[in-house]
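Reviewing the structure listed below.
Chain letters run A, B, ... following the sequence lines, proteins first and then strands; every chain starts at 1.
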Amino acid sequence: MRIASWNVNSLNVRLPHLHQWLADATPDIVGLQETKLEDPRFPDTALLERGYRSVFSGQKTYNGVALLSREPALDVQMGIPGFEDEQKRAIAATVGDLRIVNLYVVNGQDVGTDKYAYKLRWLAAVHDWLAAEIQAHPRLVVMGDFNIAPDARDVHDPEVWNEDHILTSTAERDALRRLYALGLHDAYRLHHEAGGVFSWWDYRQAGFRRDRGLRIDLTLVSDALKPKCRDAGIDREPRTWERPSDHAPAWVALDV
DNA sequence: ATGGTTGGTGTCCAA
């Protein structure tokens, strides 16, 4: 079973990329972020023709998340239960005997801004949700664009991306560690120790060509799934294609 | 640090 997370930065623009990548990588479950599509415009028919069912929660212009799966997605949850949020950033479903949560974590703009405060509130709500979710569903996968680089190995320049910088600040990394404390593990780090492997590169300043990136697209697996996690990685190839998303797909392989 | 690039049904905002 292969599960992947990809921030497509407009599914309208990136649908050909998604089709190509599904054909190349043949994942079983995919979480998408930044679809930027209202639900009536979601390309569920085209995806079904390629063997993927979809559930989605979108809006115009910003945000939007979806789950694609070969098997049916059941008990679908849109948004964080009990957390009022106009922004469509979370969707969860049960596929087979796995509970899958797909998140588009708030970017936060800059440390100290209103958006940063919203990011920390949002992450606190996610924590409480996942605490309940892992009790109800011990076989839990939490994937998404976390907009947090876990540690210094996950940034191209730790002097710039430091404890006071957005995406790497102490409060953001503490929020991620609180998720780990629920019994969730960064699947990539179960298999790879080295730094310098990234999932996002800024469009500006030739960020990808210079490999000036961050690893902010993560998949967390629960204690129960940890022994079944075989490998994880990031597929850089779609980032080399014409008119790419600024993110690459991050995948995990599970022996389930 | 700053500026720079991309997407959106836009002409500034978000990333």
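- With sequence neighbours excluded, the residues forming a side-chain contact (heavy atoms from CB on, under 4.5 Å) with A:Pro238 are A:Trp6, A:Trp21, A:Asp235, A:Trp241, A:Pro249, listed by chain and number.
- Heavy atoms of A:Arg89 sit under 4.0 angstrom from primed sugar atoms or phosphate atoms, though from no base atom.
- Between A:Asp186 and A:Arg215 there is a salt bridge, since a side-chain N of the basic residue sits under 4.0 Å from a carboxylate O of the acidic one.
- As judged by a 4.0 angstrom heavy-atom cut-off over every strand, A:Arg14 is placed among residues touching the sugar-phosphate backbone only.
- B:dT9 and B:dT5 have their P atoms separated by 22 Å, with the value rounded to a whole Å.
- In the model, A:Asp85 has a side-chain atom that pairs as donor or acceptor with a side-chain atom of A:Trp122 under 3.5 Å.
- The interatomic distance linking A:Asn107 (CG) with B:dA14 (P) rounds to 11 Å, in whole Å.
- Looking only at atom types and distance, the side chain of A:Asn9 has a donor-acceptor partner in the side chain of A:Tyr203 under 3.5 Å away.
- Looking at residues two or more places apart in sequence or on another chain, you find a side chain to side chain donor-acceptor pair (under 3.5 Å) between A:Arg139 and A:Asp97.
- One atom, CG of A:Asp164, and another, C1' of B:dA1, lie 14 Å apart when rounded to the nearest Å.
- For DNA chain B, the neighbouring residues in residues 236-247 of chain A, judged by any heavy atom under 4.0 Å, are A:Arg243.
- Put simply, the residue from A:Gln33, A:Arg89, A:Lys88 that forms a side chain to side chain donor-acceptor pair (under 3.5 Å) with A:Asn63 is A:Arg89.
- Across all strands shown, A:Phe208 has no heavy atoms under 4.0 Å from either base or sugar-phosphate atoms.
- The side chain to side chain donor-acceptor pair (under 3.5 Å) check on A:Ser54 picks up nothing, with sequence neighbours excluded.
- When the ring-ring contact (aromatic ring centres under 6.0 Å, His included) test is applied to A:Phe208, the partners found at least two apart in sequence or on another chain are A:Trp201.
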Pick out the pairs of N or O atoms, protein on one side and nucleotides 3-5 of chain B on the other, that lie under 3.5 Å.
from  : atom 1 : to       : atom 2 : distance (Å)
B:dG3 : N2     : A:Gln205 : NE2    : 3.0
B:dG4 : N1     : A:Arg204 : NH1    : 2.9
B:dG4 : N2     : A:Arg204 : NH1    : 3.2

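- Between A:Lys115 and B:dA14 there is a side-chain polar atom (N or O) within less than 4.0 angstrom of OP1 or OP2.
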